[in-house]
Amino acid sequence: MTRGSLVVDHIGELVTNDGRDGDPLGIRRDAALLVEDGQVAWIGSARYAPAADRRIDAGGAAVLPGFVDSHAHLVFAGDRAAEFAARMAGEPYTGGGIRTTVGATRAASDDDLRATVGRLRAEMLRQGTTTVEIKSGYGLTVADEARSLRIAAEFTEDTTFLGAHVVPAEYADRPDDYVGMVCGPMLAAAAPYARWIDVFCERGAFDADHARAILACGQAAGLGVRLHANQLGPGPGVRLGVELGAASVDHCTHLTDADVDALAGSETVATLLPGAEFSTRSPYPDARRLLDAGVTVALATDCNPGSSYTSSMPFCVALAVREMRMTPAEAVWAATAGGAAALRRTDVGRLTPGARADLIILDAPSHLHLAYRPGVPLIRQVLHNGVPR
Ligand code: NIG
Ligand code: FE
């Protein structure tokens with residue numbers, strides 16, 4: 001018995017994501033799991049559960065890896081509830097509201113921004129999210145992007161520099177100058193706090209040439225590439241992401257056959273964000289088409305005050321199953337192992353020896369219930385780094 005060890009016993013259904021026997025979820029029945037030093041140390045039959053300092057009796061419930069939310073914009077101030085109400089009354093979403101949040105974010109204190117990130121991070125943890133990526137992108141000055149990332153880095157290792165979210169109003173008539181600034185002083189100030197670089201590649205935001213230039217500068221500074229692509233209409237983003245070896249292209253709502261083929265022949269993950277389609281009343285991406293082509297699919301919340309103000313991965317799983325033709329198993333995999341793949345992480349998104357002991361004990365006997373019982377608080381307990389939360 002190791003000091004500080006913990007055994008989770010009487011697991012009715014354990015989702016490991018170990019991919020064995022052709023079952024991507026790697027489900028084991030009547031299982032137990034031992035945690036030592038914040039990691040999964042052993043998995044096996046409940047009959048052979050080892051002794052440990054502490055024991056949690058799962059009582060036959062399902063246990064799964066903590067959700068990996070690989071796309072979230074948590075550093076912001078204010079809300080845009082009125083914009084949401086206008087959309088529900090028929091207004092389209094254009095991304096134009098981003099500038100409203102930029103104004104509020106610039107005016108906020110560090111402590112206000114930190115409190116918002118902390119509140120949303122806590123909301124996520126209560127809903128089973130144990131790993132989250134956090135983007136900047138509502139500062140859009142050198143100082144405001146750097147402080148957004150500095151604050152984000154207090155909460156996660158997966159911080160993303162999104163200085164190229166939109167061209168801010170003060171640069172509206174000289175976008176080339178803004179791109180030069182993003183690649184120069186802004187990247188220099190942001191890079192020490194960032195693991196990733198992202199660009200909103202879309203009509204009305206950044207075109208392919210600007211996106212390529214910015215992502216190349218980020219790569220040269222040692223950042224990994226991800227991007228917002230093909231959200232509001234077809235465009236070059238997905239193929240650009242594949243060309244640059246992006247870890248993930250996110251949204252993927254409007255895809256051509258060439259986009260799907262490019263993804264299928266690549267290591268780039270397609271991250272789908274159904275909270276955004278829900279909240280902008282837009283058509284959902286066709287997950288089935290991507291899965292059938294052999295593309296790796298992840299699900300994430302896109303949590304932000306404009307297009308998707310949800311922090312709930314269970315909600316996204318339910319939407320993916322009901323609206324995007326994913327099976328419950330595919331959706332659960334995409335929200336855990338898929339998110340880990342989108343962040344190029346092997347330590348999370350699975351419950352196998354050596355992985356981080358990030359797990360969810362459901363108030364249900366099976367992962368199916370996440371989609372079968374939408375909107376119900378099924379997250380009974382979360383372990384993060386082996387610590388019950
Ligand atoms: O992922 N598309 C660009 N960025 C966010 C929306 C940001 C906003 O509306 O504030 C997104 O949907
Ligand atoms: Fe986003």
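Basis for what follows: all heavy atoms, side chains included, without hydrogens, waters or symmetry-related copies. Atoms within each ligand, like the ligands themselves, are counted from 1 in listed order.
Crowding of Glu154 atom CD: a count of heavy atoms from other residues, nucleotides or ligands under 6.0 Å exceeding 12. Residue Arg106 places its CZ atom among more than 12 non-hydrogen atoms of other residues, nucleotides or ligands, all under 6.0 Å distant.
Within the structure, salt bridge (charged side-chain N to carboxylate O under 4.0 Å, His left out) pairs that include any residue of residues 84-99 comprise Glu83-Arg87 (at least two apart or interchain).
Salt-bridge formation is not detected for the pair Arg289/Asp286: no Lys NZ or Arg NE/NH1/NH2 atom is positioned less than 4.0 Å from an Asp or Glu carboxylate oxygen. Salt-bridge annotation for Asp198 and Arg226: absent, with no side-chain N of the basic residue lying under 4.0 Å from a carboxylate O of the acidic one.
Checking side-chain atoms of Thr268 against main-chain N and O of Ala246 turns up a donor-acceptor pair under 3.5 Å.
Below 30°, between 30° and 60°, or above 60°: for His165 and His73 the angle between ring planes is below 30°, a parallel geometry.
With sequence neighbours excluded, the residues forming a salt bridge (charged side-chain N to carboxylate O under 4.0 Å, His left out) with Arg55 are Asp9, Asp57, listed by chain and number.
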Between the protein and ligand 1, which nitrogen or oxygen pairs come in under 3.5 Å, and how far apart is each?
{"residue": "ligand 1", "atom": "1 (O)", "partner": "His73", "partner atom": "NE2", "Å": "3.4"}
{"residue": "ligand 1", "atom": "1 (O)", "partner": "His228", "partner atom": "NE2", "Å": "3.0"}
{"residue": "ligand 1", "atom": "1 (O)", "partner": "His251", "partner atom": "NE2", "Å": "2.9"}
{"residue": "ligand 1", "atom": "1 (O)", "partner": "Asp302", "partner atom": "OD1", "Å": "2.9"}
{"residue": "ligand 1", "atom": "1 (O)", "partner": "Asp302", "partner atom": "OD2", "Å": "2.9"}
{"residue": "ligand 1", "atom": "2 (N)", "partner": "Gln231", "partner atom": "OE1", "Å": "2.7"}
{"residue": "ligand 1", "atom": "4 (N)", "partner": "His165", "partner atom": "NE2", "Å": "2.8"}
{"residue": "ligand 1", "atom": "9 (O)", "partner": "Arg80", "partner atom": "NH2", "Å": "2.9"}
{"residue": "ligand 1", "atom": "9 (O)", "partner": "Tyr93", "partner atom": "OH", "Å": "2.6"}
{"residue": "ligand 1", "atom": "10 (O)", "partner": "Arg80", "partner atom": "NH1", "Å": "2.7"}
{"residue": "ligand 1", "atom": "10 (O)", "partner": "Arg80", "partner atom": "NH2", "Å": "3.3"}
{"residue": "ligand 1", "atom": "10 (O)", "partner": "Tyr138", "partner atom": "OH", "Å": "2.6"}
{"residue": "ligand 1", "atom": "12 (O)", "partner": "Gln231", "partner atom": "NE2", "Å": "3.3"}
{"residue": "ligand 1", "atom": "12 (O)", "partner": "Asp302", "partner atom": "OD2", "Å": "2.9"}
{"residue": "ligand 1", "atom": "12 (O)", "partner": "Ser307", "partner atom": "OG", "Å": "2.5"}

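Take the Fe ion (ligand 2) and draw a sphere of radius 2.8 Å; the protein N/O/S atoms inside it number 4.
Considering CG of Leu232 and OG of Ser282, their distance stands at 7.5 Å, rounded to 0.5 Å.
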